[in-house]
Amino acid sequence: MITLSNIQVTFETGSQSVTAVRDVSLHVDAGDVYGIVGYSGAGKSTLVRVINLLQRPTAGTVEVNGRDLLALQPKELRSARKKIGMIFQHFNLMNSRTIYDNVDYPLKSSKLSKTERDRKVKQLLELVGLSDKLNAYPSQLSGGQKQRVAIARALANDPEILLCDEATSALDPKTTLSILELLKKLNQTLGLTIVIITHEMQVVKEICNKVAVMEAGRIVEQGDIVSIFSRPQNTLTRDFINTATHIDQTLEKLTLHPSLVHLKDNDMLCKISYIGDSTSEPVISELTARYRVKTNILFANVEILQQTPIGNLIVVLSGSPGDLEEALLYLQAAQVDVETIDSRLLEDRKVGEPV
Amino acid sequence: MSEFFTKYFPNIWNLREDILISTYETIYMVVVTSSFSVLFGILLGVVLVATDRGGILENKLVYSVLEKIINLFRSIPFIILIAVVVPLTRLITGTSIGMNAAIVPLVIGIVPFYARQIQNALVEVDPGIVEAAQSMGSGPIEIIFRVYLKEGLTGIIRASSVTIINLIGLTTMAGAIGSGGLGSLAINKGYNRFQSDITLVATILILILVFVCQFIGDYFTKKSTH
Ligand SMILES: Nc1ncnc2c1ncn2[C@@H]1O[C@H](COP(=O)(O)OP(=O)(O)OP(=O)(O)O)[C@@H](O)[C@H]1O
Ligand SMILES: [Mg+2]
């Protein structure tokens, strides 16, 4: 559906130049909900704006729906853009128009008759659940409602693709979820291909089936969401995931209050992760029964991504060195990832801290 | 009524026809000049915004040339501008005195000011909205008419009301070349002939015109804000 190849975007601002996107290649299939995550300034917005050529790349090719967008004449490009909807962080509704007229805006240049347009606008507002706000102005709506109008407007010309640049970043968590639900519904019912830019892994987790992680203009890791979440290769990706699964926050708490852990000699503080089927295996009880290793669970989190459960636990394993070693081998064989957390970090703090 | 006037404001009663004609002349100059200025001013303002850096038709050359010309004309004092453009005035109107002749320097004097005001008003239109329109496949002309001029309407109305009030000031100066109007009246019949009641009444009438413009401007500003 969308193929970006070796995209490079360099801005010339006076004497200096900033390269916002470096050699990025990306492929989005029809029906994908593709997430692009990265911290502020990573070049996400620039990259997504390349897809509809709001930003022309300095180098590289852009292919959407089998067409080379860079080769199109201005008029052809404009009609191609009608098939690529876009929504924004700050909604960008026209304040001087009513909700109805905002949604009608992109239809005015279409071939539809007045009555057809009227039907279409009402149908779109119905779809996003705002049929009662036809004559309101944007200033009279909440953020979530504004984004719904923006979605209706973006869908007016029946696009195959919807680009979302931080579409939920200005919304509270509950409203974010409702907008994500709506997007998910559009993806499932209309077969809409969605590209989502965000700095929150939470959003990706909620609806994406594929994800790319961006840092300093490059994509450092990309793939389907289950493998990225279960086996992140890049440190940045791990950072994002740990934040989304609250592992980082938990570890931070443990560092601040090491007394909670009560580590003794031979005790191991570990992060245990597993995917899919291993979940059902009673791994923990097995450790005690077979290897005489006691497991103290400090934190547990199970995510269901694309119908695949992914578990993350922080545990303290206690037992004799020999037993521990065998237990670790067993876990490895059961396809459970074990990452030992440097417990000295915690003990160092223990010395200085009043208990 | 007429007794009251003849007693306290003798000149006003004698010149009551002149006063009416002068008021009409001022209004005529303001209305005709405004009509031309709205056309040229909005056109230039739109061109400035569109060709500016990051604009929808970015063009460094057009922008900088236009900007320099506008700045040049804005720095010429109006009273001198009137004299400078006399040849052009003659060419267009066939004369250099009277209210029709005054319209040429008035338009030239007010358009650069108005164009700047319009530019400032249109710059206020959220670039995000322009970007949204582009993402929906709108071309430059569509964006100018359906986004800039519509979203910027409140600013345009405000700019217009400020400009018209300025223009009323300029018409009085055009009195210097015999344009007629309340400015001429105040100078020729009031000041020069020591009939201070005429000067006073001209001033009051100009103030009334200004207040009326302000009122109308505020009304439409409010009406266009959502
Ligand atoms: N028009 C521009 N001119 C110059 N530099 C730009 C321009 N647009 C973006 N940049 C630069 O490109 C880099 C990437 O910006 P971009 O907006 O793509 O980041 P982002 O990942 O979307 O960040 P955020 O999460 O804050 O929106 C930044 O360093 C930014 O300063
Ligand atoms: Mg951004």
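Proteins get letters first, then strands, A, B, ... in listed order; numbering begins at 1 in each. Any value given below was found using the heavy atoms of this structure, including those in side chains, with hydrogens, waters and symmetry copies removed. On a predicted model such as this, the values are computed, not experimentally measured, just so you know.
Residue K108(A) qualifies as enclosed at atom NZ: its count of foreign heavy atoms under 6.0 Å is above 12. The environment of CZ in F220(B) is sparse: at most 12 heavy-atom neighbours from other residues, nucleotides or ligands sit within 6.0 Å. By the 6.0 Å contact criterion, CD1 on I92(B) is enclosed, its count of non-hydrogen atoms from other residues, nucleotides or ligands being greater than 12. Remark: E116(A) CD is packed, more than 12 non-hydrogen atoms of other residues, nucleotides or ligands lying under 6.0 Å away. Residue F36(B) places its CZ atom among 12 or fewer non-hydrogen atoms of other residues, nucleotides or ligands, all under 6.0 Å distant. The environment of CZ in F11(A) is crowded: more than 12 heavy-atom neighbours from other residues, nucleotides or ligands sit within 6.0 Å. By the neighbour-count criterion of 12 heavy atoms within 6.0 Å, atom CZ of F73(B) is sparsely surrounded, having that number or fewer from other residues, nucleotides or ligands. Within a 6.0 Å sphere centred on CZ of R16(B), other residues, nucleotides and ligands contribute more than 12 heavy atoms.
With chain B as partner, the option from H90(A), Q89(A), R81(A) having the largest number of non-hydrogen pairs under 4.5 angstrom is R81(A). Most heavy-atom pairs under 4.5 Å with chain B: of the set I87(A), N52(A), N95(A), L93(A), this distinction falls to N95(A).
Using a 4.5 Å cut-off between heavy atoms, F91(A) does not touch chain B at all. Looking at S79(A), there are no atoms closer than 4.5 Å to chain B (heavy atoms on both sides), in backbone or side chain. Using a 4.5 Å cut-off between heavy atoms, I84(A) touches chain B through its backbone atoms (N, CA, C, O) alone.
Residues of residues 120-143 of chain B lying within less than 4.5 angstrom of chain A, judged on heavy atoms, are D126(B), G128(B), I129(B), E131(B), A132(B), A133(B), Q134(B), S135(B), M136(B), G137(B), S138(B), G139(B), P140(B), E142(B) in numerical order.
Rounding to the nearest 0.5 angstrom, the gap separating the OG1 atom in T13(A) from the CZ atom in R53(B) is 7.5 Å.
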